[in-house]
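Heavy atoms only: backbone and side chains are in, while hydrogens, waters and symmetry mates are out.
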Amino acid sequence: MYLELRGIRKTFDGSVALEDIDLSVGEHEFVCLLGPSGCGKTTLLRIVAGLLPFDRGAITLGGRDLSALPARKRGFGIVFQSYSLFPNMTVAENVGYGLRIRGEGRDRIASRVGELLTLIKLPDHAGRYPHQLSGGQQQRVALARALAVDPALILLDEPLSALDARVRTDMRAEIHDVQRRLKIPTIMVTHDQEEALTLADKIVCMNDGRIEQVGSPADLYLRPRTRFVANFVGLSNLLPTDWVREAMPELLATRPEGASERYEACLRPENLRVAADERGAGRVQDMTFMGNLTRLRVAWRGRELVVEQHGAAGLSRGAPVRLDAEPGQCAWVSV
């Protein structure tokens, strides 16, 4: 692996912010640190960047120990949530700033800035100032500035959270495209599960200073290992073993051998099906139209389950229904 973190621990005034963090990042990999506010993901990013010291552990890049190397010598590109563009500099000057302070020649800077402005689809904005740009354009310029110095690693600290929903979606595509084309290893901090699922090769789901699970987006969505991951990454129906035994015994066939009663079945809303049935044991509590999907809350055998499906013919609030599960899609999580 290209970047290796082993046994990282960090405390603030005696309070543990990170505990026993082990993480590997491949040479061309896009990794998302995903979790709620206060889980330690930004602290971890800042430690990787060299902006924060850590109490113990080791960090290596291509086998080189980074522990004592200051941030300015790590050769990383960093993009913060606030963009941090210099307001008195043009777009071209902002993008070329890192090259200028490294002593690169004027022609080299101009050539590289031109390449990057074309890459981020702003070739005609070189002479503009940050206040003349939209939020999405400012974020593109911040990304270009980070890329200008040919970084060994890109670090993104919630770079899209200040943008509106449509621009955020567009910027995801831009970042994804740039990273794939340049093949620069990237670590991005986000609390948005959709961003992580869309962008990442690997998601690191964090909670309370620890890593809950590491895996591909499909791994975390389809095969969550803990209740926290099942709840944080997508919607889940979490069903206690004793309830499953009485109400959905067909799910027990997928239960891990030796699993205790503390394990719960995890069924995603799309793995349940509802149909109108006058003799059905369920009742539709609520329905939400979501365009190509309808989300239903169904009272069934003492619990309320969330179902998402295409179409809702014959269904209405209060209607009796039958409910079927897809046992092969059931995951089991530790509580």
Side-chain angles (χ1 to χ4, degrees), residues 1-8 18-45 47-48 57 59-61 153-158 160 172 175-176 179-180 183-239 251 254-260 262-271 308 326-335:
M1 282 295 178
Y2 186 61
L3 178 72
E4 295 273 359
L5 284 71
R6 291 290 173 260
I8 299 298
L18 296 171
E19 187 69 83
D20 295 328
I21 299 296
D22 292 334
L23 178 61
S24 299
V25 178
E27 193 169 358
H28 306 306
E29 203 167 33
F30 196 122
V31 175
C32 278
L33 305 181
L34 175 68
S37 298
C39 73
K41 56 188 186 295
T42 295
T43 297
L44 182 58
L45 189 83
I47 285 174
V48 172
I59 303 178
T60 59
L61 183 74
L153 186 71
I154 292 288
L155 303 174
L156 307 173
D157 188 6
E158 303 219 38
L160 309 182
R172 280 182 207 153
I175 289 174
H176 188 270
Q179 195 273 338
R180 289 294 185 274
K183 297 183 178 180
I184 299 174
T186 300
I187 302 177
M188 176 173 165
V189 164
T190 183
H191 63 270
D192 186 323
Q193 50 146 330
E194 188 175 332
E195 277 181 14
L197 291 170
T198 301
L199 288 169
D201 299 310
K202 181 162 67 184
I203 296 175
V204 181
C205 190
M206 298 182 65
N207 179 36
D208 199 23
R210 294 180 179 271
I211 293 176
E212 289 268 337
Q213 186 173 343
V214 178
S216 69
D219 284 336
L220 268 70
Y221 187 80
L222 299 174
R223 294 172 288 277
R225 295 177 190 163
T226 68
R227 168 186 271 267
F228 176 83
V229 175
N231 270 327
F232 197 80
V233 182
L235 291 174
S236 297
N237 295 288
L238 294 171
L239 311 170
L251 300 183
T254 64
R255 190 165 175 257
E257 187 175 348
S260 71
R262 287 178 56 81
Y263 272 71
E264 292 182 332
C266 171
L267 278 173
R268 297 297 188 181
E270 66 271 21
N271 298 137
E308 289 180 351
E326 298 180 19
Q329 302 301 315
C330 178
W332 289 81
V333 301
S334 61
V335 179

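Judged by distance alone, with hydrogens and angles left aside, the side-chain atoms of Asp208 form no donor-acceptor pair with the main-chain N or O of Cys39 at under 3.5 Å. Looking at Gln193, its side chain does come within 3.5 Å of a backbone N or O of Gly234 through a donor-acceptor pair. Side chain of Lys41 to main chain of Met188: no donor-acceptor pair is present (N/O by atom type, distance under 3.5 Å, no hydrogens or angles). With Ser236 contributing its side chain and Ala230 its backbone, the two residues share a donor-acceptor pair below 3.5 Å.
Atom CG of Leu33 and atom NE2 of His191 lie 14.0 Å apart (nearest 0.5 Å). Separation of atoms CG (Leu153) and CD1 (Ile187) is listed at 5.0 Å; rounding is to 0.5 Å. Here Ile8 contributes atom CD1 and Ile59 contributes atom CD1; the two are 4.5 Å apart, rounded to the nearest 0.5 Å. In this structure, CG in Leu267 is found 9.0 Å from CD in Gln329, a value given to the nearest 0.5 Å. For the atom pair CE of Met206 and OG1 of Thr43, the computed distance is 8.0 Å after rounding to the nearest 0.5 Å. Between the NE2 atom in His28 and the CZ atom in Arg180 there is a gap of 11.5 Å [rounded to 0.5 Å].
By the 4.5 Å heavy-atom criterion applied to side chains, Leu160 and Ile175 are counted as neighbours. Here the side chains of Arg172 and Asp192 are in contact, with some heavy-atom distance below 4.5 Å. Taking the side chain as every heavy atom from C-beta outward, Glu308 and Leu235 approach each other to under 4.5 Å. Leu199 has its side chain out of reach of Thr190: every pair of non-hydrogen atoms, C-beta onward, lies at least 4.5 Å apart. Residues Val31 and Val204 are in side-chain contact: their nearest non-hydrogen atoms beyond the backbone lie under 4.5 Å apart. Inter-residue side-chain proximity for Glu29 and Pro185 is flagged as unmet; no heavy-atom pair is nearer than 4.5 Å.
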Would Leu197 and Ile203 satisfy side chain to side chain contact (heavy atoms under 4.5 Å, CB included), going step by step from the backbone distance to the final call?
CA-CA 8 Å; Leu197 291 170; Ile203 296 175; 4.0 Å; yes

Test Leu44 against Leu5 for side chain to side chain contact (heavy atoms under 4.5 Å, CB included), laying out the working first.
CA-CA 10 Å; Leu44 182 58; Leu5 284 71; 3.5 Å; yes

Intermediate values then yes/no, side chain to side chain contact (heavy atoms under 4.5 Å, CB included), Val233 and Gln213
CA-CA 11 Å; Val233 182; Gln213 186 173 343; over 6 Å; no

Evaluation steps, side chain to side chain contact (heavy atoms under 4.5 Å, CB included), between Leu239 and Glu264
CA-CA 5 Å; Leu239 311 170; Glu264 292 182 332; 5.9 Å; no

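Here the closest non-hydrogen pair linking Leu156 and Ile154 is CD2-CG2, 3.6 Å. Minimum heavy-atom separation, Leu220 to Gly215: CD1-N, 3.4 Å. Residues Ala265 and Leu251 share a closest heavy-atom pair of CB-CD1, 4.4 Å. The two residues Val333 and Pro224 make their nearest non-hydrogen contact at CG1-O, 3.3 Å. The minimum heavy-atom distance linking Gly40 with Leu18 is given by the pair O-CD2, 3.4 Å. The minimum heavy-atom distance between Pro217 and Asp201, with the atom names listed, is CD-O, 3.7 Å.
Not counting sequence neighbours, the partners of Arg262 by the side-chain contact (heavy atoms from CB on, under 4.5 Å) test are Ser260, Val335. Among residues two or more places apart in sequence or in another chain, the side-chain contact (heavy atoms from CB on, under 4.5 Å) test is passed with Ser334 by Thr226, Tyr263. In this structure Asp157 satisfies the side chain to side chain donor-acceptor pair (under 3.5 Å) test together with Thr42, sequence neighbours excluded. Partners of Asp219 according to the side-chain contact (heavy atoms from CB on, under 4.5 Å) rule, which considers only residues two or more places apart in sequence or in another chain, are Ser216, Arg223. In this structure, the side-chain contact (heavy atoms from CB on, under 4.5 Å) partners of Glu19, at least two apart in sequence or on a different chain, are Arg9, Val16, Arg56, Arg210.
Within the structure, the ring pair (Phe, Tyr, Trp, His ring centres under 6.0 Å) test picks out the following pairs touching residues 196-228 (sequence neighbours left out): Phe228-Phe232.
Around CD of Glu194, the count of heavy atoms belonging to other residues, nucleotides or ligands within 6.0 Å does not exceed 12.
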